[in-house]
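Worksheet for the structure shown next.
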Amino acid sequence: MSSSLFQTTGWAAHLEAPAPCFGLHSDFEDQRAYPRIHGDFPVAFRNSQGQHCAATLRNLSPEGLQILCNMATAQIIYPPGGRLMEDDHPLLQATMVLPLAEGHQTLSACVRLLHVARVAPASCLMGFQFLELRPKARRQIDAFYAEQLRHLAGPSFRYVSPLARA
């Protein structure tokens, strides 16, 4: 057995087919509570051991986000590698700067890892759920989401925040 971290963490054995891209009108998207807003900006993470890493936002919804990262970042986020076990969904702190009409705002939120898919020998997709968002974080996400949907769907589109339904 090789002594490299890559070989010993379980990541080498887990390789899935590339994740398909879904448009706003695919069957998969129709089953989601919210469409995903695609993005391409940095997301920083801190795990429970205090380790830091960075990834690229792939998409965001009011309920969570998906990132694309390299294997070094994946190993910091989920050291065991491979498929998530039912009782092993790590919690992390995620931080990103959201481009809003009123100016860039830093969003910091606790997230739970829900999905891991290795999409290439050196890349990984990871999906996260937002947990117990503070009111400021919820407002930032809702503002970003509403602005992006208005841009995509037109000025008459009306977004209703999950807070308004609660």
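Since the model is a prediction, treat every value here as computed from it, not as a measurement.
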Measure the shortest side-chain to side-chain distance between [X] and [Y] over non-hydrogen atoms and say whether it is less than 4.5 angstrom.
{"X": "R112", "Y": "L114", "answer": "yes"}
{"X": "L60", "Y": "Q148", "answer": "no"}
{"X": "H38", "Y": "N59", "answer": "yes"}
{"X": "I77", "Y": "P90", "answer": "no"}

Tell me the closest heavy-atom pair linking [X] and [Y], and the distance in Å.
{"X": "A74", "Y": "C69", "answer": "N-SG, 3.9 Å"}
{"X": "Y145", "Y": "S61", "answer": "CE1-CA, 3.8 Å"}
{"X": "F130", "Y": "A109", "answer": "CD2-CB, 4.0 Å"}
{"X": "A143", "Y": "L100", "answer": "C-CD2, 3.8 Å"}
{"X": "A55", "Y": "I67", "answer": "CB-CD1, 3.5 Å"}

Where the side chain of [X] meets the backbone of [Y], is there a donor-acceptor pair that is under 3.5 Å apart?
{"X": "R139", "Y": "D142", "result": "no"}
{"X": "Q105", "Y": "Q140", "result": "no"}
{"X": "R58", "Y": "L65", "result": "no"}

Could you please spell out the steps behind the side-chain contact (heavy atoms from CB on, under 4.5 Å) verdict for S123 and R118? CA-CA 6 Å; S123 297; R118 189 158 168 210; over 6 Å; no
Rounded distance (nearest 0.5 Å) linking atom CG of L57 with atom CD1 of I37: 10.5 Å
Donor-acceptor contacts, no H, no angles, side chain residues 41-50, under 3.5 Å, sequence neighbours left out:
{"from": "N47", "atom 1": "OD1", "to": "Q49", "atom 2": "N", "distance (Å)": "3.0"}
{"from": "N47", "atom 1": "OD1", "to": "G50", "atom 2": "N", "distance (Å)": "3.1"}
{"from": "N47", "atom 1": "OD1", "to": "Q51", "atom 2": "N", "distance (Å)": "2.9"}
{"from": "N47", "atom 1": "ND2", "to": "Q49", "atom 2": "OE1", "distance (Å)": "3.4"}
{"from": "N47", "atom 1": "ND2", "to": "Q51", "atom 2": "OE1", "distance (Å)": "2.7"}
{"from": "N47", "atom 1": "ND2", "to": "I76", "atom 2": "O", "distance (Å)": "3.1"}

By side-chain hydrogen bond (donor to acceptor under 3.5 Å, both in side chains), which residues pair with T73, not counting sequence neighbours? N70
